[in-house]
Amino acid sequence: MNKRYQPQAFEQDIYNLWEKNKVFTAIKDKKKQPFCIVMPPPNANAPLHIGHAMFLTVEDILARFQRMKGLSVLLLPGADHAGILTQVVFEKKLAKEGKTRFDLGRKKFFKECLCFTLKNKEIMYDQFKKLGTSCDWTREKFTLDKDVSKQVLLTFIKLYKEGLAYRGTRLINWCPRCMTALSDLEVEYKEIKSKLWYIKYPLKDKAQITGQQRFLVVATTRPETMMGDTAVAVNPEDTRYQKFIGQTIKLPIVKREIPVIADNYVDPEFGTGVVKVTPAHDSDDWKVGEKHQLKVISVIDFNNRMNKNAGSYIGLKANDARAKIIEYLNRKNLLIKERAYLHSVGHCERCKTIIEPMVSRQWFISTTKKINIKTKDLKNLLKTDKAALKEFGSLPVKNKLVKILPKRFKKNYLDWMNNLHDWCVSRQLWWGHRLPIWYCGSNGLSSLQKQMNPKLAQKKQGCGHTMVTINKPKKCDKCGKKTTIIQDPDTFDTWFSSGQWAHNALGYPNGSDYKYWYPTSVMETGYEILPIWVAKMIMLSLFQTKMPPFHTVYLHGLVRDAFGEKMSKSKGNVVDPLKVISQHGADALRMALIVGASPGNDVSVGDDKIKGYRNFANKVWNIGRFIFLNLEKTNKKIPLYHPTLKGLKKEDKSIIGGLEKIISKITEHLENYKFSLAGELIYQFLWHEFADKYLEASKKRLEEKDPVVLAVLTHVYLTSLKLLHPFMPFVTETIWQQFPQAKGLLASSFWPKK
RNA sequence: GGGUUCGUAGCUCAGUUGGUUAGAGCGUUCGCUUGACAUGCGAGAGGUCACAGGUUCGAGUCCUGUCGAGCCCACCA
């Protein structure tokens with residue numbers, strides 16, 4: 001044994017040893033209790049970052065602990081194709097070569113994207129192993145696997161048949177760079193310095209007495225959308241403007257006549273108290289428009305250019321049109337003033353481009369339409385016989401069938417579910433699961449789809465009928481034509497497929513793994529992903545399997561730098577887990593991520609902390625070395641420790657007592673997901689109780705060749721290795737392998753009982 | 001605007017249902033080239049637990065308010 005523990009020299013071999021012995025290969029043993037974690041599939045488009053290391057460590061601790069306790073444990077590894085994000089990453093790569101996705105064409109783009117993703121997936125899996133994650137690699141799953149994909153489509157078809165999937169023309173979030181619709185959750189709001197422009201909107205009728213033109217003044221941040229205005233709104237209580245309600249405005253530039261309406265969504269305090277209403281490009285205005293049955297006139301196209309409704313501004317980029325319009329209004333004395341204004345603007349979560357709200361025909365999942373629950377068990381579970389998808393999501397949490405840890409996120413979750421809107425699931429992307437929707441002729445396509453897919457739009461005219469089936473229909477159900485069938489060009493929102501991951505990854509509906517391990521045990525993930533993902537899993541899994549997908553949601557916090565600052569590339573404070581592993585070992589990184597982190601709270605990790613646990617690994621190693629050398633030195637037979645062993649001294653009983661105490665405490669902490677407290681306890685015990693005190697005191701007795709002290713040292717040490725193993729699997733297994741008293745693999749040994 | 005978390009040693013954080021003298025790691029001071037380990041050992045300094053009230057025999061912990069920081073959500077034209 002070397003003087004120092006060198007993780008680099010052992011970690012790879014130890015992982016190979018585990019794999020060779022199939023320690024992580026889960027066996028469906030009916031006598032055992034199943035325990036399953038379906039890993040949240042990381043996006044296979046970039047190397048591992050510290051956040052991955054965090055969740056892998058927590059899941060691995062859980063898995064190793066339960067495995068040692070004798071449960072039949074499956075930690076299922078997987079990867080996500082990550083629709084929009086991978087497409088963005090890959091398009092950036094193409095852009096460096098001066099290409100766009102349209103240069104490659106859909107087929108080639110998909111093929112190359114797949115190649116890129118599969119390659120990344122393998123790199124990523126190798127990194128999981130470097131961290132020591134005890135996954136069952138024989139069951140690895142990818143979201144684009146054939147069987148998984150098929151189930152994704154079948155879920156949609158079932159939703160459609162239940163009347164929960166529908167096509168509708170709505171205001172959606174449009175990313176002009178990704179050229180796709182986004183769900184509300186894929187939009188992030190950022191404060192932007194902008195201006196508020198005060199613009200005169202002339203009334204149609206002149207003043208009765210003077211015969212002069214009269215005006216209302218609106219305040220807006222988006223003058224370029226004014227050609228799409230279909231009303232001007234004031235608050236009905238606002239005495240300044242009551243007399244104008246019902247009058248007509250003659251819109252500048254396009255000279256269209258629009259009404260002055262009253263709606264109490266208008267805040268009289270803001271701006272002038274007069275609002276232009278543009279249902280086609282603003283979500284509030286859309287709602288007002290629906291309420292007052294206003295016309296919807298869009299002026300900006302999918303490529304962010306002004307369209308034919310924008311009069312002479314046609315073809316201009318929206319931003320350029322804004323400048324020209326302001327210039328025009330100024331010239332015509334219609335611009336009263338402008339002032340600096342800070343407001344929050346939606347950005348594409350993935351590529352950071354400003355979102356344009358746009359009216360478009362898309363596919364949605366209804367979260368509010370109630371359906372009859374036919375299954376008895378599910379009726380009992382939810383205690384209702386009618387529920388909408390949002391209740392599928394909220395009731396299991398309300399009824400404590402799914403526990404969220406830490407508890408405070410439960411309120412968050414339920415509030416969020418309560419305000420759930422219908423979910424836009426169609427994306428105008430190429431990378432993902434293509435919608436199982438077929439139209440008879442190109443007249444089934446939306447105008448947006450026609451513009452974006454000119455070739456498809458030229459296909460034969462049919463009756464426009466819509467069919468939702470997994471395979472291409474041989475003929476149209478309605479008109480019987482055979483040559484007109486075309487598939488919807490859109491793909492699903494990634495979260496639609498990952499929302500079914502818990503059951504699909506296990507082989508729903510007939511797989512034997514599914515039957516044995518579903519419902520799974522714990523969903524371990526970051527709190528930021530609770531609404532966008534966890535909620536969807538509960539909804540969709542319950543809808544499909546009639547069971548909640550897991551009984552516990554454990555949420556870990558964010559990993560921050562040594563000063564508690566958020567890590568970011570621009571700040572340069574990013575900790576690269578792979579670099580840390582190669583420098584200080586995976587065990588040190590794992591401990592640094594776990595100790596000091598309470599559930600749901602962020603954790604600070606810096607170099608000093610990691611080094612501290614590297615030192616600890618070395619300490620553990622050297623305690624082992626000390627005992628090992630003393631065992632070698634002696635020629636006496638060392639008895640096995642047993643409570644009735646003769647010659648036990650007071651200090652022996654005391655350290656054994658201490659050991660028993662921490663066994664029960666650590667077990668309790670791990671069962672309650674208090675990883676930090678458990679980790680800290682074993683650290684304190686091994687170093688400061690066992691090594692500093694008992695081991696120091698044992699030196700005298702070792703000189704006197706007392707075999708009992710060696711028996712106790714060995715016993716306490718090896719038992720402690722078991723307790724430490726879920727946290728620091730490599731160093732513990734490495735030493736275990738060197739001890740003649742230790743049998744088999746530590747990773748497959750049993751958790752100590754007190 | 002609503003919700004939520006946090007404020008404890010120089011720094012980063014624990015402190016589980018209220019219960020002795022408030023803990024850890026790192027840093028720091030002093031002393032140790034100790035045959036397991038200097039990635040180490042021994043000894044020490046360092047806290048009005050943000051502030052002000054309240055409940056209680058007893059409050060870092062519970063309640064109210066104030067100040068400060070962060071995060072999430074929302075229809076900031």
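All values below were derived from every heavy atom in this structure, side-chain atoms included, with hydrogens, water molecules and symmetry-related copies excluded. Each chain gets a letter, A, B and so on, in the order its sequence line appears, and its residues count up from 1.
- Atom pair A:Arg560:CZ and B:rA69:P shows a separation of 15 Å (rounding to whole Å applied).
- In this model, the phosphate group of B:rA77 is approached by a side-chain N or O of A:His343 to a distance below 4.0 Å at OP1 or OP2.
- The ring of A:Tyr554 has its center closer than 6.0 angstrom to the ring center of A:Phe675.
- The interatomic distance linking A:Asp561 (CG) with B:rC26 (P) rounds to 19 Å, in whole Å.
- Rounded to whole Å, the C1' atom of B:rG7 lies 12 Å from the corresponding atom of B:rG60.
- With a cut-off of 3.5 Å on both pairing distances, B:rA14 has no Watson-Crick or G-U wobble partner at all.
- Remark: the separation of the P atoms in B:rA45 and B:rC63 is 35 Å, to the nearest Å.
- At B:rC26, none of the side-chain N or O atoms of A:Asn615 fall inside 4.0 Å of OP1 or OP2 (strictly under the cut-off).
- Of the nucleotides present, none pairs with B:rU21 by Watson-Crick or G-U wobble criteria with both distances under 3.5 Å.
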### Message
Before you tell me yes or no, could you show the steps for A:Trp174 and A:Glu356 under side chain to side chain donor-acceptor pair (under 3.5 Å), namely the whole-Å CA-CA distance, both residues' side-chain angles and the distance that decides it to 0.1 Å?
### Response
CA-CA 5 Å; A:Trp174 181 259; A:Glu356 181 60 57; over 6 Å; no
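- No hydrogens or angles were tested; on distance alone, a donor-acceptor pair under 3.5 Å links the side chain of A:Arg4 to the base of B:rU39.
- Using atom C1' as the reference point in both B:rC13 and B:rA22, the two lie 14 Å apart (nearest Å).
- Taking atom C1' in both B:rG35 and B:rG10, one finds a spacing of 38 Å when rounded to whole Å.
- Listed nucleotides B:rG3, B:rG25, B:rA77 differ in distance to A:Asp415; the shortest reach to its side chain belongs to B:rG3.
- When rounded to the nearest whole Å, the span between OH of A:Tyr5 and P of B:rG40 equals 16 Å.
- Checked against B:rA14, B:rA77, B:rU12, the side chain of A:Asn601 finds its nearest nucleotide in B:rA14.
- An OP1 or OP2 oxygen of B:rC41 is reached within less than 4.0 angstrom by a side-chain nitrogen or oxygen of A:Trp687.
- Contact between the side-chain N/O atoms of A:Thr221 and the OP1/OP2 oxygens of B:rA77 is not found at any separation under 4.0 Å.
- Atom-to-atom, CG of A:Asp607 to P of B:rC11 comes out at 20 Å; the value is rounded to the nearest Å.
- Taking the C1' atoms as reference points, B:rU5 lies 16 Å from B:rU61, given to the whole Å.
- The same atom, P, is picked in B:rC6 and in B:rG53; the two are 23 Å apart, to the nearest Å.
- Separating the CH2 atom of A:Trp621 from the C1' atom of B:rC37 is a distance of 12 Å, rounded to the nearest angstrom.
- Within the shown strands, B:rG70 is the pairing partner of B:rU4 under the Watson-Crick or G-U definition, both distances less than 3.5 Å.
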### Task
Check step by step if side chain to side chain donor-acceptor pair (under 3.5 Å) holds for A:Thr278 and A:Lys276.
CA-CA 6 Å; A:Thr278 326; A:Lys276 70 196 256 318; 3.0 Å; yes
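- Within the cation-pi definition used here (under 6.0 Å to the ring centroid, within 45° of the axis), A:Lys195 does not qualify as a partner of A:Tyr341.
- Annotation: of the two residues near RNA chain B, A:Glu269 and A:Glu696, the 5′-most nearest-nucleotide partner is A:Glu696.
- Considering only side-chain atoms of A:Tyr683, the nucleotide from B:rG25, B:rU39, B:rA77 that sits closest is B:rG25.
- Going from atom OH of A:Tyr341 over to atom C1' of B:rA77 covers 7 Å, rounded to whole Å.
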### A:Phe215/A:Tyr201 under ring-ring contact (aromatic ring centres under 6.0 Å, His included): CA gap, chis, key distance, verdict
CA-CA 5 Å; A:Phe215 301 92; A:Tyr201 272 37; 10.0 Å; no
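- Annotation: of the two residues near RNA chain B, A:Pro599 and A:Leu695, the 5′-most nearest-nucleotide partner is A:Pro599.
- Comparing the P positions of B:rC30 and B:rG46 gives an interatomic distance of 16 Å, to the nearest angstrom.
- Using a 30° and 60° split on the angle between ring planes, A:Trp621 and A:Tyr5 fall in the tilted class, from 30° to 60°.
- Taking atom CD1 of A:Ile623 as the reference point, atom P of B:rU39 lies 17 Å away to the nearest angstrom.
- For B:rA14, the OP1/OP2 oxygens have a side-chain nitrogen or oxygen of A:Ser598 closer than 4.0 Å.
- A cation-pi arrangement, defined by a distance under 6.0 Å to the six-membered ring centre and an angle within 45 degrees of its axis, is absent between A:Arg590 and A:Phe727.
- Between A:Lys619 and the phosphate of B:rC41, there is a side-chain N or O to OP1/OP2 separation shorter than 4.0 Å.
- The residue A:Gly564 sits close only to the backbone: its heavy atoms come under 4.0 Å of sugar-phosphate atoms, none of a base.
- Between B:rG25 and A:His688, a contact under 4.0 Å exists linking OP1 or OP2 to a side-chain N or O.
- Proximity note for A:Ser604 (side chain, C-beta onward) versus B:rU12, B:rU16, B:rC76: the nearest is B:rU12.
- Both tests pass for A:Lys536 against the ring of A:Trp423: distance under 6.0 Å to the centre and angle within 45° of the axis.
- Distance A:Tyr613 OH to B:rC26 C1': 10 Å, rounded to the nearest Å.
- The side chain of A:Gln684 sits closest to B:rA24 out of B:rU39, B:rG42, B:rA24.
- Between B:rU16 and A:Lys665, no contact under 4.0 Å exists linking OP1 or OP2 to a side-chain N or O.
- Of the candidate nucleotides B:rA24, B:rC11, B:rA77, B:rA24 has the atom lying nearest to any side-chain atom of A:Glu680.
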